[in-house]
Novice: 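Pasting in a structure now, in C-alpha cells, and then I'll have a few things to ask.
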Amino acid sequence: MSNLSDLPTAVKQVANALRLGGWTCFWSQLALGVISGFMFLFAVFILPDQMNEGGAGGSLFFPICGLVVLGFSIFLSFRYTRLARQLRSPTDSSRPTRADTTQQVKRTLITNLVGITLTLLGAEAIGGILLGESLVMGASMFNSTELEKFTPDIIILLGNTHIILAHFIGIVVGLFLLDRVYK
C-alpha cells in the first residue's frame, strides 16, 4: 500500500475519528483547564485574605489534583492525533493494532474518570464549606460586606465545575472513539 487511498475503509474511519476526537478533546480541555487554573490562582493569590476567612484553603487540594490529572489527559488527547497519523501509515507494520488503539483510549478514559472523581470530591468539599458559612451567617448573608467572604469559594467552585466539564468531555470523546474502533 503506497497511498492513503489504498487504506482499508475501516482504518480510515478510525483514523479520522481519532483525529477529530483528539483535537476536539485537546482544545476544549486545554481551554477549560487554563481558565480553571487562572481562577484558582486568582482565588489564592489575589484574594488570600478573604480565603483565610472563608476556610476554602483545605478544599483546594482535590480540585488542584483534578487539574493535574486534566493536564495528563490533555497530553493523552494530543496522543490521539499522533495515533491517527500512525494509522494512516502506508505500511501495515508501522500501524498500531486495534488492541493498541483500544488500550490508548481506555487509558485516557480511566485518567478522565480519576480526574472527575477527584474534582467531584473537591466540589463536595467546597459546597460543604459554602453551606456551613451560609448557615452560620444567617440573616447577614445579604449584607454586601459579608458576601465578599464567599467570593474565593465561589470562584473555586466555578473553576472546579470547569474541570468537571473538561473531564466529562474527555469521557464522552473516549466512549465515542471506543465505539468507532469496534464498529
Novice: If every non-hydrogen atom of F62 is compared with every non-hydrogen atom of L118, which pair is closest and at what distance?
Specialist: CB-O, 3.2 Å

Novice: Report yes or no: do I74 and L32 belong to one cluster of Ile/Leu/Val/Met/Phe/Trp/Tyr joined by side chain heavy-atom distances under 4.5 Å?
Specialist: no

Novice: Side chains of N112 and R107: is there a donor and an acceptor less than 3.5 Å apart?
Specialist: no

Novice: Minimum heavy-atom separation for V181 to T102, with atom names?
Specialist: CG1-OG1, 3.5 Å

Novice: Can you name the nearest heavy-atom pair linking P96 to Q86, along with the distance?
Specialist: CD-CB, 3.6 Å

Novice: Looking only at heavy atoms, what is the nearest atom pair of G33 and L67, with distance?
Specialist: O-CD1, 3.6 Å

Novice: List for me each residue that meets ring pair (Phe, Tyr, Trp, His ring centres under 6.0 Å) alongside F40, sequence neighbours excluded, and say none if there are none.
Specialist: none

Novice: Cluster question for you: counting only ILVMFWY and a side-chain heavy-atom cut-off of under 4.5 Å, with indirect links fine, are V105 and L113 together?
Specialist: yes

Novice: Any non-hydrogen side-chain atom of R79 less than 4.5 Å from a side-chain atom of Q104?
Specialist: yes

Novice: If I compare all heavy atoms of S28 with all of I169, which pair ends up nearest, and what's the gap?
Specialist: OG-CG2, 3.4 Å

Novice: Answer yes if the side chains of T111 and T108 hold a donor-acceptor pair under 3.5 Å, and no otherwise.
Specialist: no

Novice: Count I, L, V, M, F, W, Y as connected when their side-chain heavy atoms are under 4.5 Å apart, and connections chain through other members. Are L30 and Y80 then in the same cluster?
Specialist: no

Novice: With a 6.0 Å cut-off (strictly less than), is the heavy-atom count around CZ of R82, excluding the residue itself, greater than 12?
Specialist: yes

Novice: Please check if W27 and V172 belong to a single hydrophobic cluster, counting links between Ile, Leu, Val, Met, Phe, Trp and Tyr side chain heavy atoms closer than 4.5 Å.
Specialist: no

Novice: If I take atom CD from residue Q29 and atom CD1 from residue I163, how far apart are they, to the nearest 0.5 angstrom?
Specialist: 11.0 Å

Novice: How many angstroms lie between atom CD1 of I171 and atom CG of L175, to the nearest 0.5 angstrom?
Specialist: 7.5 Å

Novice: When you measure from the side chain of R95 to the backbone of S89, do you find a donor-acceptor pair of N or O atoms at a distance under 3.5 Å?
Specialist: yes

Novice: Would you confirm whether S73, through its side chain, and V69, through its main-chain N or O, come within 3.5 Å as a donor-acceptor pair?
Specialist: no

Novice: Between CG of L70 and CD1 of I64, what distance do you get to the nearest 0.5 Å?
Specialist: 12.0 Å

Novice: T119 and I164: which non-hydrogen atoms are nearest, and at how many Å?
Specialist: CG2-CG1, 3.4 Å

Novice: Could you tell me whether a side-chain N or O of H167 sits under 3.5 Å from a main-chain N or O of G66, the two making a donor and an acceptor?
Specialist: yes

Novice: Between CG of L18 and SG of C25, what distance do you get to the nearest 0.5 Å?
Specialist: 11.5 Å

Novice: Within this structure, what is the OG1-CG distance for the pair T101 and L83, rounded to the nearest 0.5 Å?
Specialist: 4.5 Å

Novice: What distance do L158 atom CG and M39 atom CE have between them, rounded to the nearest 0.5 Å?
Specialist: 3.5 Å

Novice: Answer whether the closest heavy-atom distance between the side chains of R88 and R19 falls below 4.5 Å.
Specialist: yes

Novice: Determine the interplanar angle of the F78 and W23 rings, folded into 0 to 90°, and report it as parallel if under 30°, tilted if 30 to 60°, perpendicular if over 60°.
Specialist: perpendicular

Novice: Between V173 and Y182, is there a shared hydrophobic cluster once you connect ILVMFWY residues whose side-chain heavy atoms come closer than 4.5 Å?
Specialist: yes

Novice: Answer whether the closest heavy-atom distance between the side chains of L178 and L109 falls below 4.5 Å.
Specialist: yes

